[in-house]
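Each chain gets a letter, A, B and so on, in the order the sequences are listed, and its residues count up from 1. Everything numeric in this text was worked out from a predicted model, so none of it was measured.
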Amino acid sequence: MPELPEVETVKRELTQAIVGKKIDGVIINNAKVIRQNNPKDFLEGLKGLSVKGVLRKGKLLIIELSNGKALAIHLKMTGQLVYPGDGLKSRVSFKFSDGKFMDFRDQRLFGELCLVSNWKDLKFVKALGPEPFDLTQDKFRQMLLEKNSKIKTLLLDQSFVSGIGNLYAAEALFRAKIHPERKASSLAEKEASALLKEIKDTLSEAIKYKGSSIDQYVQLDGQRGEYVKFHKVYGRQGKPCLICKMPIKRISLGGRGTYFCPRCQK
DNA sequence: AATGGGACCTGCGCGC
DNA sequence: TGCGCGCAGGTCCCAT
């Protein structure tokens with residue numbers, strides 16, 4: 001579910017909400033989401049610590065703790081963080097010393113919580129490619145030239161660029177007028193530039209509107225993200241292209257639903 | 001190296 | 001009304 005804009009939204013709100021607070025206790029309702037050898041170590045390891053800061057790396061949230069360790073949270077498809085929560089219908093709840101709860105909810109149980117000594121050592125973090133906002137047009141163009149995979153599949157590869165997911169890949173490609181099945185290395189310089197620009201613009205706009213709530217994702221306070229209103233292709237199969245009226249097509253690429261306009265995207 | 005499939009899970013909407 | 005199927009914003013792992 002959540003891609004860069006959604007995770008960034010939660011990160012910003014979380015920073016306001018919990019930095020400086022002390023964790024008094026952890027309620028584990030479903031230990032499956034805790035990727036620790038022993039869930040008890042997770043519980044004991046967090047008790048009494050306070051929150052120093054909140055970071056985002058790609059789609060991963062990192063909550064820095066007062067003893068130098070960190071709580072890494074990946075929301076995967078249906079994870080949610082809600083604050084203040086109620087300690088109910090959550091997989092895991094964190095109780096702060098002021099009595100408020102932060103709830104981790106996750107319908108599908110793909111989400112992962114992990115207490116680590118050094119988040120930079122996580123294999124997942126080490127494998128992440130650059131953040132889209134850190135890329136220059138020249139660098140992006142060079143990266144594309146080295147790849148023969150389909151551009152849409154490549155954008156979803158977190159070791160290539162981090163933070164883009166299925167929804168924003170579709171939106172950015174539409175805006176750049178590039179067909180999702182094009183080989184990355186075949187993009188002309190102008191197309192590569194347009195694509196990077198549209199990636200950055202789409203992500204920025206989505207952050208501005210606090211993300212896209214298709215189904216599960218919500219902001220920290222439980223409200224939905226409003227960017228759905230601005231989607232041009234994602235989930236719109238059969239509906240007219242907003243530019244040329246041609247029905248939006250849905251194909252499967254790498255097992256993911258892929259939406260595009262067969263006329264506008266070359 | 002790229003691509004395709006399945007796995008991990010739950011729950012929704014659709015057609016019959 | 002009920003059932004089976006396909007689908008879902010992510011990632012990992014295996015086979016070809």
**Q** OP1, OP2 of dT11(C) versus side-chain N and O of His74(A): anything below 4.0 Å?
**A**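 For dT11(C), OP1/OP2 do have a side-chain N/O of His74(A) under 4.0 Å.
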**Q** Any idea which of dG9(C), dC9(B), dT11(C) is nearest the Ile214(A) side chain?
**A**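 Closest nucleotide to the Ile214(A) side chain: dG9(C).
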**Q** Would you say the base of dC8(B) stacks on Phe110(A) (centre-to-centre below 5.5 Å, plane angle below 30°)?
**A**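 Yes, Phe110(A) stacks on the base of dC8(B), since the ring centres sit under 5.5 Å apart and the planes are within 30°.
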**Q** Distance between the P atoms of dT1(C) and dT10(B), in whole angstroms?
**A**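 Straight-line distance between the two P atoms is 25 Å.
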**Q** For Gln216(A) and dG9(C), is the shortest distance between a side-chain N/O and OP1 or OP2 below 4.0 Å?
**A**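 No, outside the criterion.
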**Q** Let me spell it out: for each of Leu253(A) and Arg91(A), pick the nucleotide of DNA chain B with the closest heavy atom. Which residue's pick is nearer the 5' end?
**A**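 Per heavy-atom nearest nucleotide, the more 5' residue is Leu253(A).
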**Q** Regarding Gly257(A), tell me which of base, sugar-phosphate or nothing describes its non-hydrogen contacts under 4.0 Å with the strands shown.
**A**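 Sugar-phosphate: the residue Gly257(A), judged by heavy atoms under 4.0 Å, touches backbone atoms but no base.
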**Q** Between Tyr259(A) and dA8(C), does any side-chain N or O lie under 4.0 Å from OP1 or OP2?
**A**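 Yes, within the criterion.
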**Q** Using the P atom in both, what is the distance from dG5(B) to dG6(C), to the nearest Å?
**A**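 Result for the P pair: 14 Å, nearest Å.
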**Q** To the nearest angstrom, how far is Arg35(A) atom CZ from dC12(C) atom C1'?
**A**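 In whole Å, dC12(C) C1' lies 11 Å from Arg35(A) CZ.
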**Q** For a quick check of understanding: with a heavy-atom distance under 4.0 Å over all strands, which category does Glu112(A) fall into, base, sugar-phosphate or nothing?
**A**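 No contact.
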**Q** To the side chain of Lys59(A), which of dT11(C), dA2(B), dC9(B) is closest?
**A**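 Between dT11(C), dA2(B), dC9(B), the one nearest the side chain of Lys59(A) would be dT11(C).
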**Q** With a 3.5 Å limit on both atom pairs, tell me what dG6(C) is paired to, counting Watson-Crick and G-U wobble, or say none.
**A**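 dC12(B) - that is the nucleotide pairing with dG6(C), both distances being under 3.5 Å.
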**Q** Assess, by modelled atom type and distance only, whether the side chains of Gln36(A) and Asn38(A) contain a donor and an acceptor separated by less than 3.5 Å.
**A**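 No pair is found: no donor N or O on one side chain lies under 3.5 Å from an acceptor on the other.
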**Q** Should the pair Phe140(A) and Phe160(A) be assigned to parallel (<30°), tilted (30 to 60°) or perpendicular (>60°) ring geometry?
**A**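 Tilted, since the angle between the ring planes falls between 30° and 60°.
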**Q** Rounded off to whole Å, could you give me the CG-to-C1' distance for the Asp106(A) and dA8(C) pair?
**A**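 Computing the Asp106(A):CG to dA8(C):C1' distance gives 13 Å.
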**Q** How far, in whole Å, is dC8(B) from dC3(C) if one measures between their P atoms?
**A**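 It comes out at 24 Å once rounded to the nearest Å.
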**Q** Is there a side-chain contact between Tyr234(A) and the phosphate of dG9(C), meaning an N or O under 4.0 Å from OP1 or OP2?
**A**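 For Tyr234(A), the contact criterion (side-chain N or O under 4.0 Å from OP1 or OP2 of dG9(C)) is met.
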**Q** Does a side chain donor of either Lys89(A) or Asn29(A) reach within less than 3.5 Å of an acceptor in the other side chain?
**A**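 No donor-acceptor contact under 3.5 Å links the two side chains.
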**Q** Is the shortest distance from a Lys or Arg side-chain nitrogen in Lys76(A) or Glu112(A) to a carboxylate oxygen in the other one below 4.0 Å?
**A**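 Salt bridge: yes.
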**Q** Round to the nearest Å and state the distance from His231(A) atom NE2 to dG9(C) atom P.
**A**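 Rounding to the nearest Å, NE2 of His231(A) and P of dG9(C) are 12 Å apart.
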**Q** Would you measure the distance from the P atom in dG4(B) across to the matching atom in dC7(C) and give it in whole Å?
**A**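 Taking atom P in both dG4(B) and dC7(C), they lie 16 Å apart.
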**Q** Students often get this wrong, so: under 4.0 angstrom with heavy atoms, is Gly255(A) touching a base, only sugar-phosphate, or nothing?
**A**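 No contact at all - Gly255(A) keeps every heavy atom at 4.0 Å or more from the nucleic acid.
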**Q** Separation of Asn30(A) atom CG from dT10(B) atom C1', in whole Å?
**A**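 Those two atoms, CG and C1', are 12 Å apart.
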**Q** Would Tyr209(A) and Phe230(A) count as a close aromatic pair, with their ring centres under 6.0 Å?
**A**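 They qualify: ring centres under 6.0 Å apart.
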**Q** Consider the side chain of Arg250(A), meaning its heavy atoms from C-beta on, and name the nucleotide among dT11(C), dC7(C), dC9(B) that approaches it most closely.
**A**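 For Arg250(A), the side-chain atoms sit closest to dC7(C).
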**Q** Map Leu60(A) and Gln107(A) onto DNA chain C by nearest heavy atom, then report which one ends up closer to the 5' terminus.
**A**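 First, find each residue's nearest nucleotide; the 5'-ward one identifies Gln107(A).
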**Q** Spell out, as yes or no, whether a donor-acceptor pair under 3.5 Å connects the side chain of Glu198(A) to the backbone of Leu173(A).
**A**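 Side chain of Glu198(A) to backbone of Leu173(A), a donor-acceptor pair under 3.5 Å: no, none is there.
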**Q** Separation of Asn166(A) atom CG from dT11(C) atom C1', in whole Å?
**A**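 Rounding to the nearest Å, CG of Asn166(A) and C1' of dT11(C) are 13 Å apart.
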**Q** Nearest whole Å is fine: how far is dG10(C) P from Met77(A) CE?
**A**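 So the CE-P distance, Met77(A) to dG10(C), works out to 6 Å.
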**Q** Please tell me whether Ser185(A) and Lys147(A) have a donor and an acceptor in their side chains that are separated by less than 3.5 angstrom.
**A**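 On atom types as modelled, these side chains do not qualify, holding no pair under 3.5 Å.
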**Q** Below 4.0 angstrom from OP1 or OP2 of dC9(B), is there any side-chain N or O of Lys32(A)?
**A**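 Yes.
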**Q** Look at all strands and tell whether Phe124(A) reaches a base, only sugar-phosphate, or nothing, counting heavy atoms closer than 4.0 Å.
**A**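 Touches sugar-phosphate only.
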**Q** Can the ring centroids of His74(A) and Phe110(A) be said to lie less than 6.0 angstrom from one another?
**A**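 Ring centres of Phe110(A) and His74(A) not closer than 6.0 Å.
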**Q** Contact class for Ser212(A) (heavy atom, under 4.0 Å): base, sugar-phosphate, or nothing?
**A**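 The residue Ser212(A) makes base contact.
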**Q** Under 4.0 Å, heavy atoms only, any strand: does Phe160(A) hit a base, just the sugar-phosphate, or nothing?
**A**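 Contact class for Phe160(A): none.
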**Q** Taking atom P in both dG11(B) and dT11(C), what distance in whole Å separates the two?
**A**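 It comes out at 22 Å once rounded to the nearest Å.
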**Q** Using the C1' atom as the point on both nucleotides, what is the distance between dG9(C) and dT3(B), in whole Å?
**A**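 So the two C1' atoms sit 22 Å from each other.
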**Q** Taking for each residue the nucleotide of DNA chain B with the nearest heavy atom, is it Asp215(A) or Ser149(A) whose nucleotide lies nearer the 5' end?
**A**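 The residue whose closest nucleotide sits nearer the 5' end is Ser149(A).
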**Q** Rounded to whole Å, please give me the gap between NZ in Lys150(A) and P in dG4(B).
**A**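 Atom-to-atom, Lys150(A) to dG4(B), this comes out as 5 Å.
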**Q** Would you please confirm or rule out a distance under 4.0 Å between OP1 or OP2 of dA8(C) and any side-chain N or O of Arg256(A)?
**A**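 So the side-chain polar atoms of Arg256(A) never come under 4.0 Å of the phosphate oxygens OP1 or OP2 of dA8(C).
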**Q** Between P on dT11(C) and CD1 on Ile73(A), what's the gap in Å once rounded to a whole number?
**A**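 Between P of dT11(C) and CD1 of Ile73(A): 15 Å.
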**Q** With a 3.5 angstrom cut-off on both distances, give the Watson-Crick or G-U wobble partner of dT1(C), or none if there isn't one.
**A**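 Partner of dT1(C): none found under 3.5 Å.
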**Q** Taking any heavy-atom pair under 4.0 Å as a contact, classify Lys183(A): base, sugar-phosphate, or nothing.
**A**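 Sugar-phosphate contact only.
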